[in-house]
Protein chains: 2
Amino acid sequence: MDSEPDGKPRRLTRAEAKARTRRLLLDAAARTFARKGYAGASVEEIAEAAGYSIGALYSNFGGKEELFIELMVGGAKARVERGRRIVAAVQDGTEEPEQALGRFFMEAADKDDDLPLLQAELWLYAMRNPRLKEALAEAQREPQAALEALMEPVLERVGAAGAVPPSAVATVASAMFQGLLRQRRLDPPSVPDDLLRQAMRWLFTGIANTPGPSAEEPS
Amino acid sequence: MDSEPDGKPRRLTRAEAKARTRRLLLDAAARTFARKGYAGASVEEIAEAAGYSIGALYSNFGGKEELFIELMVGGAKARVERGRRIVAAVQDGTEEPEQALGRFFMEAADKDDDLPLLQAELWLYAMRNPRLKEALAEAQREPQAALEALMEPVLERVGAAGAVPPSAVATVASAMFQGLLRQRRLDPPSVPDDLLRQAMRWLFTGIANTPGPSAEEPS
DNA sequence: GTCTATATGTCGATAGAC
DNA sequence: GTCTATCGACATATAGAC
């Protein structure tokens, strides 16, 4: 029942079927790792959630850890892609820099409820496995670069371009965002809806009015 | 070799011995949970690290989870105590508010290398156990109040007292601190030594120069 | 109070049928 | 390619000796 009489390609080649299985297993792994934790999630649970058996999982991945690592690189790639699209929208003039920056964070926050859980799991795992620590740091460098690119026009707006390294601002903004997101998950009333926006405004206003460590000459 | 000839009390009463065992077990649990994670740490490992056996652990605690929860409340109590001492130093005039604020964060960062790991574990565990989520949120409210008390004199310094709720500033500062600490653990060069200080300066300068959401009248 | 021994269960990973 | 059956390792928690 695999071959079709006409010249069209079969419904699914073997490679396509395997790719589909891999994708379903990865999605299920992301959900399961987020809900139960890396150590707490069993491969049987993951396979079941994907609609497959343990055997299928081991036929497509080397094991539990390999599954986890692929989630890490996959997530980083997705964030880079998202960053690129937003930067493009700014350069095309489709979107204002501040809006774009807010969208960059908000999309990450709203899109996926258990992304923060998965990221915390990845961070902890990386802290305990020096090999993966370097890999995770490297994986974050690309999305970080995208955020920097988004940061530059915003710094120009507030008149602080050149006065401060965009990478430092990107790091601080990202840390603030992730910290607030986690606190909001733990205790929503302590982080009102507009606190993130407010905090970003404070940050950029502060940058615009703070003289650098090495005093730059006034124009 | 247990009894002493003089009239002094015995070296250790039974209650004292038990309290000592509890403390040693809790210390070992903190280290082990931080290094291996909650699910990854075994009670046997914890008992061994404390120099006891599994039986001693179960004689002093209800089980693995109870040990974990006691670490949560114990950590919160320690932070409250630390906050109180620092606030007292400010009110006594022993220390400047900004220095005190910096010390509040730096002590937390330097004192204990695996505190961030333990906190990440606690947060994840709380996210997955609604019962403990409320408990952890509640446990954080006291240290948060201490941080707010420390924040007020700093806000006065920058001339923003009354213009902005100290609780919001405390929340943002804490989020920024924790986010930067985690990023520094993952990739030290991306978070230079003075970035935290710099970020705090940006934040307070920004607060001093940002009009509130409801514009307050100029003095 | 603390230890040793063990009951009971679940895990990751593999082998072989289909 | 995927499934079922299973092995060996290790987990939590308990029971009884001391």
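In what follows, chains carry the letters A, B, and so on, assigned in the order in which the sequence lines appear, proteins first and then strands, with residues in each chain numbered from 1.
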Would you jot down, in residue-number order, the residues of residues 34-67 of chain B having a non-hydrogen atom under 4.0 Å from DNA chain D? B:A41, B:S42, B:V43, B:Y58, B:G63, B:K64
Would you grab the first and last nucleotide of DNA chain D (5' to 3') that comes under 4.0 Å of any non-hydrogen atom in chain B? D:dA11 to D:dT14
Just jot down the ring pair (Phe, Tyr, Trp, His ring centres under 6.0 Å) partners of B:F61, sequence neighbours excluded, or say none. none
Between A:R141 and A:E134 (salt bridge meaning N to carboxylate O under 4.0 Å), is one present in this structure? yes
Salt bridge check: are A:E45 and A:K64 linked by an N-O gap of less than 4.0 Å? no
Does CZ in B:R22 sit with more than 12 non-hydrogen atoms of other residues, nucleotides or ligands closer than 6.0 Å? yes
Can a donor-acceptor pair be found between the side chains of A:S190 and A:Q183 at a distance below 3.5 Å? yes
State whether B:R103 and B:E107 are salt-bridged, where the test is any N-O pair (Lys NZ or Arg NE/NH1/NH2 against Asp/Glu carboxylate O) under 4.0 Å. yes
With a 4.0 Å cut-off on N to O distance, would you call A:R184 and A:D193 a salt bridge? yes
